[in-house]
Amino acid sequence: PQHAPLPAATWQPLRQLTLLRAPAPPGDPSPTGVGIMFTKGSAGPTDPYNIFKLTPGTPAWGAYSQGQLAVGEWLHAVNGVNIHTLISAQVRDLIKGPPHTPVTLTLSPPTPQGYQ
């Protein structure tokens with residue numbers, strides 16, 4: 001089922017971060033990501049929203065190694081697309097794209113009250 005996005009006040013302050021997708025192996029045109037991993041968070045078993053929290057990813061690459069991302073931050077949008085009603089595979093597909101191209105993530109600080 002579709003649900004309205006979470007109220008922005010719940011997640012302030014939001015910030016946008018534009019990253020370049022990873023390079024691909026030579027000769028491999030496959031889409032690449034930005035070296036992050038995430039897991040679904042929740043406010044409980046009846047929570048209708050899909051909220052994704054950054055988990056330890058590939059710290060030697062990209063935004064983790066440069067201090068631009070922190071484990072525990074919450075992901076809200078990818079390239080302006082609200083992800084609160086998407087499943088993790090759909091979020092992954094939004095993040096992945098042609099190597100060395102930009103992707104913009106909308107993030108908030110770790111855990112607002114009630115979410116884990």
Side-chain angles (χ1 to χ4, degrees):
Q2 292 291 341
H3 302 281
L6 284 173
T10 306
W11 298 96
Q12 295 299 325
L14 293 177
R15 70 181 181 102
Q16 291 190 330
L17 177 64
T18 299
L19 304 167
L20 285 180
R21 292 178 174 107
D28 182 356
S30 301
T32 62
V34 294
I36 65 171
M37 295 177 69
F38 50 87
T39 187
K40 184 179 183 297
S42 175
T46 61
D47 183 9
Y49 299 103
N50 290 331
I51 308 300
F52 297 96
K53 180 171 37 176
L54 298 185
T55 58
T58 311
W61 191 87
Y64 282 115
S65 67
Q66 297 169 17
Q68 294 175 295
L69 288 173
V71 170
E73 284 188 287
W74 294 89
L75 180 61
H76 298 276
V78 177
N79 288 332
V81 176
N82 183 306
I83 63 166
H84 293 159
T85 60
L86 303 180
I87 61 171
S88 60
Q90 292 169 309
V91 175
R92 181 198 63 228
D93 290 346
L94 287 173
I95 294 171
K96 291 178 104 177
H100 292 289
T101 59
V103 60
T104 300
L105 308 178
T106 302
L107 303 154
S108 69
T111 312
Q113 187 173 359
Y115 276 79
Q116 52 182 318

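Counting heavy atoms from C-beta outward, P31 and P98 have side chains that stay 4.5 Å or more apart. K40 has its side chain within reach of F52: a pair of non-hydrogen atoms, C-beta onward, lies under 4.5 Å apart. Contact of the V78 side chain with the I83 side chain is registered, since non-hydrogen atoms from C-beta on lie closer than 4.5 Å. With contacts defined as side-chain heavy-atom distances shorter than 4.5 Å, the pair H76/L14 qualifies. Residues P109 and E73 fail the side-chain proximity criterion, which asks for heavy atoms closer than 4.5 Å. When side chains are defined from C-beta on, T101 does not count as touching L20, because their heavy atoms never get closer than 4.5 Å. When side chains are defined from C-beta on, T55 does not count as touching I36, because their heavy atoms never get closer than 4.5 Å. The shortest distance between side-chain heavy atoms of V81 and L94 falls below 4.5 Å.
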Take L54 and L107 through the test side-chain contact (heavy atoms from CB on, under 4.5 Å) and record every step on the way to the result.
CA-CA 10 Å; L54 298 185; L107 303 154; 4.2 Å; yes
Test log, rule side-chain contact (heavy atoms from CB on, under 4.5 Å), inputs L69 and L19:
CA-CA 10 Å; L69 288 173; L19 304 167; 4.2 Å; yes
L75/V91 under side-chain contact (heavy atoms from CB on, under 4.5 Å): CA gap, chis, key distance, verdict:
CA-CA 10 Å; L75 180 61; V91 175; 3.9 Å; yes
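Minimum heavy-atom separation, A24 to P99: CB-CG, 3.5 Å. What you find for G80 and A77 is that their closest heavy atoms are C-CB, 4.2 Å. Between D28 and S30 the shortest heavy-atom distance is OD1-OG, 2.6 Å.
Once rounded to the nearest 0.5 Å, the distance linking OG of S88 with CE of M37 reads 11.0 Å.
By the criterion of side-chain heavy atoms lying less than 4.5 angstrom apart, applied directly or through intervening Ile, Leu, Val, Met, Phe, Trp or Tyr residues, W74 is not grouped with I87; the two fall into different hydrophobic clusters.
Side chains of T18 and T104: a donor on one and an acceptor on the other come within 3.5 Å.
Panel note: side chain R21, backbone I95; a donor-acceptor pair is recorded below 3.5 Å.
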